[in-house]
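Take a look at the structure below.
So you know, we letter chains A, B, ... as the sequences are listed, proteins then strands, and number each from 1.
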Amino acid sequence: MLDIQTLRSDIQSVEKRLESRGFSLDVAYFQKLEADRKKVQTATQELQAKRNAASKSIGMRKAKGEDASDIMAEVSNLGEELKQNEARLEEIQGKMQEFLLSIPNLPHESVPFGQSEADNVQLKRCGHPKDFGFEVRDHVSIGEGLSMLDFETASKIAGSRFTLMKGPLARLHRALSQFMLDLHTSEHGYVEVYVPYMANSDSLRGTGQLPKFEEDLFSVSNGYYLIPTAEVPVTNMVRGEILDRESLPLKFVAHTPCFRSEAGSYGKDTRGMIRQHQFDKVELVQVVHPERSYHALEELLNHAEEVLRRLELPYRVVTLCTRDIGFSAAKTYDIEVWLPAQNTYREISSCSNFESFQARRMQARFKSEGKNELVHTLNGSGLAVGRTLVAIMENFQQEDGSVVIPEALRPYMGGVGVIYP
RNA sequence: GGAGAGGUGGCAGAGUGGUCGAAUGUACCUGACUCGAAAUCAGGCGUAGGCGCAAGUCUACCGAGGGUUCGAAUCCCUCCCUCUCCGCCA
């Protein structure tokens, strides 16, 4: 959520900055709403003040045993008018809130301007795609060749876009999340957290999934939603809190399953486990002092990259352009891993600074010299586990259909160095 | 699932219709005393928002949402959460 004060004071520049990400701000609507609000709120508060004063003097007279029927008659006439004003004010404020919740974040000045995904800027490229010397297979072919990846059974159990893994491949999947958690907790200073896999609508509103993106979520009974990312439960840990300045930065890492309905992506990545309704992810979340958030973003990116370096996977980092950054983000780096079978780089992590956008929705603040100030929040995948598994299968495949285990993972695999069919 | 108790300011804890945004204690901040500290004394000390150049002033908030009333922390209704005991379960 943007600060309503900046909309009041300088809506033109807000409009302009939002335009760069393809969002057209309804300035006239805002100004109309704001004018109405001002008028009705002032009137309502005046009536309330009048009523309060009258009621107070009734109380004072009654305490002295005096008659107060004249004031009571007077103030009872206020009732209807006040009620109407209050209802009208509530309506306007509701509309204003809805309007504010639907506006995306302002892109940071360092975000490259662009019209589409094609305008994202490659920041760096690390590692070298291997020269295989044989016809590479994709992870589906490799996994099924190993008899360890079974989409048919998964769809029998649940439906399309689910995965079933068996044996050493399932273990490799588990090894990956263990490895990532250990790296981030022991070397990068994150505190491991275990969190609910369902969240309420307040939480989803806090991080920006609601109200705009409900169709991407799975909802269950009792008003719960399955989390689409650990970002939701972890970031919402600080919702409504006033933190000590000294406690910042907070750095959390969580391994959770993520559930996404992937509405509107039918026909995209239908083969394999690239785009699933359920996938595991290790998520990094930081809650920081506003002055430190861009430094923290670089640090966070580096933490995610480190996973790929240790796994010896070739990757590149791109800075998303204004048109491609997500709704809540001010700036985002995507890390893309090399997938030889697709002969391209595919997203495996997204690291974003949300500045105060989520914090304002969540009312997450810290005390600074007696004043309350909004924190900045960041998160990044460190990494998407399923896609990392895909990357390992494809980058470490051998001609006979076996898959070599990267050195860093072998302690987690009971010393196994190669997975054979 | 059954029975009971309860949700008030950072914490503790009073307040069952009226000068209550809320006593008191404690923590914290400022000042006085002190060489300094402790103790003591005095003052300050919640959140969100409106109006205003400002000083300031007004409004809302006592788990959430409705209702009754001139007036609600206090009465009524619905919901949520926490705790204790029992049952069940991993």
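- If you check U59(B), G46(B), C70(B) against the side chain of Ile58(A), the one that comes closest is C70(B).
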Output, in order, the C-alpha distance, side-chain angles, deciding distance and verdict of salt bridge (Lys or Arg N to Asp or Glu O under 4.0 Å) for Glu81(A) and Lys50(A).
CA-CA 12 Å; Glu81(A) 194 186 353; Lys50(A) 218 186 238 179; over 6 Å; no
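- Contact between the side-chain N/O atoms of Asn52(A) and the OP1/OP2 oxygens of A60(B) is found at a separation under 4.0 Å.
- For A22(B) and C62(B), the C1' atoms lie 8 Å apart once the distance is rounded to whole Å.
- Only the C1' atoms considered, A5(B) is 28 Å distant from A90(B), to the nearest whole Å.
- Comparing the P positions of U59(B) and U34(B) gives an interatomic distance of 45 Å, to the nearest angstrom.
- Straight-line distance from the CZ atom of Phe366(A) to the P atom of U47(B): 14 Å, rounded to whole Å.
- Atom pair Ile242(A):CD1 and C61(B):C1' shows a separation of 14 Å (rounding to whole Å applied).
- Between the C1' atom of G46(B) and the CD atom of Glu241(A) lies a distance of 14 Å, rounded to the nearest Å.
- Taking OG1 of Thr319(A) as the start and CG of Asn120(A) as the end, the distance is 8.0 Å to the nearest 0.5 Å.
- Donor-acceptor pairing under 3.5 Å is lacking for the side chains of Arg171(A) and Tyr412(A).
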Look for any protein N or O under 3.5 Å of an N or O in nucleotides 49-51 of chain B and output each such pair with its distance, or none.
residue : atom : partner  : partner atom : Å
G49(B)  : O2'  : Gln41(A) : NE2          : 3.4
G50(B)  : OP1  : Arg8(A)  : NH1          : 2.2
G50(B)  : OP1  : Arg8(A)  : NH2          : 3.0
G50(B)  : O4'  : Gln41(A) : NE2          : 3.2
G50(B)  : O3'  : Arg37(A) : NH2          : 2.8
C51(B)  : OP1  : Arg37(A) : NH2          : 3.4

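- A salt bridge between Lys156(A) and Asp150(A) is absent, with no side-chain N of the basic residue lying under 4.0 Å from a carboxylate O of the acidic one.
- For Phe327(A) and Phe357(A), the distance between ring centers is under 6.0 angstrom.
- For His289(A) and Phe366(A), the distance between ring centers is under 6.0 angstrom.
- Residue contacts shown for Lys62(A) include a base, since a base heavy atom lies under 4.0 Å away.
- Rounded to a whole angstrom, the distance from the C1' atom of U8(B) to that of G13(B) is 9 Å.
- Taking atom C1' on both nucleotides, G9(B) is separated from G15(B) by 14 Å, rounded to a whole Å.
- Proximity of Arg365(A) to the phosphate of A48(B): a side-chain N or O atom is located under 4.0 Å from OP1 or OP2.
- Separating the CD atom of Glu90(A) from the P atom of A64(B) is a distance of 15 Å, rounded to the nearest angstrom.
- Remark: the separation of the P atoms in C29(B) and C45(B) is 16 Å, to the nearest Å.
- The aromatic rings of Tyr190(A) and His188(A) stand perpendicular to each other, their planes meeting at an angle above 60°, with 30° marking the opposite boundary.
- Put simply, CE on Met96(A) is 19 Å from P on A48(B), counting in whole angstrom units.
- Distances were taken from every side-chain heavy atom of Ala49(A) (C-beta onward) to each of U59(B), U47(B), U68(B); the shortest belongs to U59(B).
- Distance check on atom P: G71(B) versus G52(B) gives 29 Å, rounded to whole Å.
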